[in-house]
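Just so it is clear: chains get the letters A, B, ... in the order the sequence lines come, proteins before strands, and each one is counted from 1.
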Amino acid sequence: MFPLKENNTKLADEKYIQDKICHAIDNNKHFVFDAGAGAGKTYALVESLKHIISQYGEKLSKKNQNVLCITYTNAAADNIKSNFGNSDIVKVSTIHERIWELICLHQDALVIEHKKKINDELIRLEDDFSTNKAKDWLNSVSQGNKEKFEKHFLEPEVKNMFYTSTEHAANFKGILEEYGYDLNKNLGKFRDAVKYTYNSDRLNKCLESIKSGEYKEVKYNANFNSDRLHYMIISHDTLLEYALALCEKYPMLRRIIIDSYPYVLIDEYQDTNVRVVKLMNELAKESGGSQQLLIGYFGDQMQSIYSDGVSASLNQHHVGLLRIEKKYNRRSRNEIIDISNNLRNDGLLQESIYDNNIGGSFSFHQLVNQRPNDSANLVSEFIKRELSLASEDEVHCLVLKNEMLAELSGFKELFISFKDFFFFKEQAQKLISRDLNKLDGAIRIIFGLMDFRELIAKRNKTLEDILPKEKIAISMFDAEKYIAELDMLVNEKIDTFEAYLTELFLLYKNGSALFKNKLKELIPPSEFGYTLEGFYKLLNNDLPISKLIPEKKRLDKIKQVININLPDYIKWYEFVSETSNELTKFHTYHSTKGLEYNNVIIIMENSFAGSKSYFPDFFKDPNRPEFKERRNLLYVTCSRAVFHMRILYLDSIDSFKDDISSFFGKAQTFSITDDVNL
DNA sequence: ACCTTGTGAATTTTT
DNA sequence: TTCACAAGGT
């Protein structure tokens with residue numbers, strides 16, 4: 001490796017760009033700093049923070065004011081904090097954390113917003129219901145009978161039965177006939193009518209509780225992704241909604257915020273919610289005279305890959321921003337920059353800041369063979385053939401979907417089987433998040449059991465690692481017996497997760513007190529006890545599997561999942577805990593945002609995001625506005641590599657061969673030989 | 001022809 | 001959960 005040499009002219013220009021930012025800060029001129037991938041945005045942000053501290057730190061300190069630095073993720077906040085060191089003056093956090101801190105004191109105003117939101121929600125429910133045939137069905141009897149119906153179904157026991165039973169016709173036929181309702185072929189209408197009754201009832205009850213003074217406080221829950229308005233709990237989006245409404249309504253709140261934070265720097269502005277920008281715009285309008293304010297946005301509109309981000313419409317929502325651009329790239333070799341430039345269509349083409357920026361490589365490959373059912377061998381063969389790397393070099397393989405990630409990481413069966421239990425958004429995160437707090441509760445228990453197993457399997461365990469946490473007096477004979485028990489758990493014959501569980505519960509029954517204590521730690525005591533059947537019931541109870549599926553069917557699914565081979569579970573464990581020894585690491589395109597890797601393999605395929613031809617459609621007509629997100633996703637993905645990048649397209653590219661070549665050049669072929677076992 | 005019911009599949013990520 | 005679609009009934 002040769003040392004990279006910066007070009008002096010470019011270096012001077014880079015310095016000049018930073019000076020422009022500082023100048024904007026000095027003159028309270030709100031600005032947006034736009035720079036492509038690998039240009040050093042975070043560096044510029046940190047430099048700007050340093051500038052503010054050195055020039056105005058003392059003044060801010062005296063007035064007890066702070067600099068507000070907003071990031072998109074907690075991880076980014078931690079990153080900036082570590083870049084910057086600790087400062088009492090600069091507050092780095094996500095927008096949600098800080099906004100909530102600013103508005104949670106104003107509960108009176110929040111409750112007013114909340115009432116408004118509930119009333120809007122009631123109107124929406126009513127609107128939806130009025131076009132639903134269920135409404136006619138509900139009104140098909142006398143007013144008195146309708147009221148009896150509503151009263152009956154609002155009884156707690158009936159409510160419970162409604163939600164936990166699929167046998168609606170059998171359970172409710174009698175009572176419905178009594179009220180004059182015809183259930184024949186009207187099951188769907190009946191269900192909708194009851195759900196409407198429940199939804200509007202709980203919102204109305206909440207309004208009453210607010211009125212009576214029982215409910216006085218709105219709470220923000222950052223761990224749950226949707227509002228529970230009737231419990232006075234709001235989630236992320238509604239938090240921003242309320243904050244914006246408050247800022248629009250109350251000049252005093254605007255003044256308080258400006259006075260607390262005269263400098264606001266926003267990282268990754270393209271992903272920032274439009275409401276945040278509107279809020280900033282309100283603050284900007286309020287400032288002036290004695291209340292000076294500076295707002296700086298840092299980001300890249302081409303890297304906007306989430307639909308609720310403000311992206312290119314920043315200027316519409318916050319007018320008159322000074323635009324500062326930087327076109328130099330500090331990350332990648334020229335071969336990579338060329339490809340990512342092909343994807344940019346906003347005129348902000350990058351060039352390396354180095355004079356001798358060579359030594360990278362890129363090529364694009366199409367698959368000659370029929371696409372196999374399992375891509376794992378194919379991909380590892382591709383990497384082996386394409387990148388002849390030193391044996392300790394890591395390769396980072398980027399894929400579109402979590403399912404492919406699981407497949408390539410070796411736990412496809414487990415992923416697909418478990419996915420059935422998580423039908424809602426963020427399903428995959430509940431199962432494969434590296435942040436253990438985000439795992440589903442039941443999945444977390446399974447993870448704990450695998451963690452325990454891996455601890456035993458590794459010979460370098462310490463007693464402290466494997467003993468129960470609770471301190472009790474242990475004789476050396478106790479310890480010896482306990483360890484002998486544990487060794488039985490990693491027996492070769494135990495080849496499925498079910499077999500492992502069976503052994504665990506057998507030991508619980510016959511084993512030492514130490515072991516019992518340990519297992520109680522791993523599986524919290526519950527009504528279901530410590531047996532295999534009990535564990536099925538625990539999962540049945542805890543996993544978010546729809547109660548509308550009959551219990552028998554649910555238990556069958558659970559048994560099927562538990563019966564998957566242990567190697568799948570081990571691969572899954574290694575993925576979640578990031579303990580895999582493999583040199584190839586897998587990521588989704590999305591999750592690599594902001595990161596860089598020396599060697600990148602990109603796996604492309606046709607189908608994504610509900611489209612059977614996500615990429616083909618884009619390549620055939622790349623400038624269609626509705627394909628912006630596809631382009632941006634591809635740009636983010638193709639700008640991660642420092643040295644070497646390969647693309648492998650798994651589906652046929654015949655119908656858009658020429659179109660795609662204008663981005664990636666002519667496709668080379670990749671075929672797999674017969675001796676490789678597919 | 002229209003309606004109802006059952007079945008199977010579903011994008012990614014953050015707060 | 002929500003959507004689309006097939007199957008079956010009126």
### Task
May I ask you to check whether A/Phe615 and A/Phe608 place their ring centres under 6.0 Å from each other?
no
### Query
Using a heavy-atom distance cut-off of less than 4.0 Å, which residues of residues 265-280 of chain A contact DNA chain B?
none
### Query
Are A/His236 and B/dT15 stacked, counting the six-membered base ring, centres under 5.5 Å, planes under 30°?
yes
### Message
Checking side-chain polar atoms at under 3.5 Å, does A/Thr197 have a donor or acceptor matched by the opposite partner on A/Asp201?
### Response
no
Atom pairs, protein N/O to nucleotides 5-8 of chain C N/O, distance under 3.5 Å:
none

### Task
Would you indicate what A/Asp308 reaches in the nucleic acid, counting non-hydrogen atoms under 4.0 angstrom: base, sugar-phosphate, or nothing?
nothing
### Query
When you compare B/dT13 with C/dC3, how far apart are their C1' atoms, in angstrom units rounded to a whole number?
22 Å
### Task
Sugar-phosphate atoms are those with a prime plus P, OP1 and OP2; base atoms are the rest. Using that split, label each nucleotide of nucleotides 3-8 of chain B B, S or - for protein heavy atoms under 4.0 Å, 5' to 3'.
SSS---
### Query
Which part of the nucleic acid, if any, lies within contact of A/Asn402, taking any heavy atom under 4.0 Å across all strands shown: a base, the sugar-phosphate backbone alone, or nothing?
sugar-phosphate
### Task
For A/Leu239, answer base if it contacts any base atom (sugar-phosphate contacts may also be present), sugar-phosphate if it contacts only those atoms, and nothing otherwise; contact means non-hydrogen atoms under 4.0 Å.
nothing
### Query
For B/dT12, does either OP1 or OP2 sit under 4.0 Å from a side-chain N or O belonging to A/Lys593?
no
### Message
Heavy-atom nearest nucleotide on DNA chain B for A/Ala609 versus A/Thr94: which residue maps closer to 5'?
### Response
A/Ala609
### Query
With no hydrogens and no angle check, do the side chains of A/Asn599 and A/Arg646 hold a donor and an acceptor under 3.5 Å apart?
no
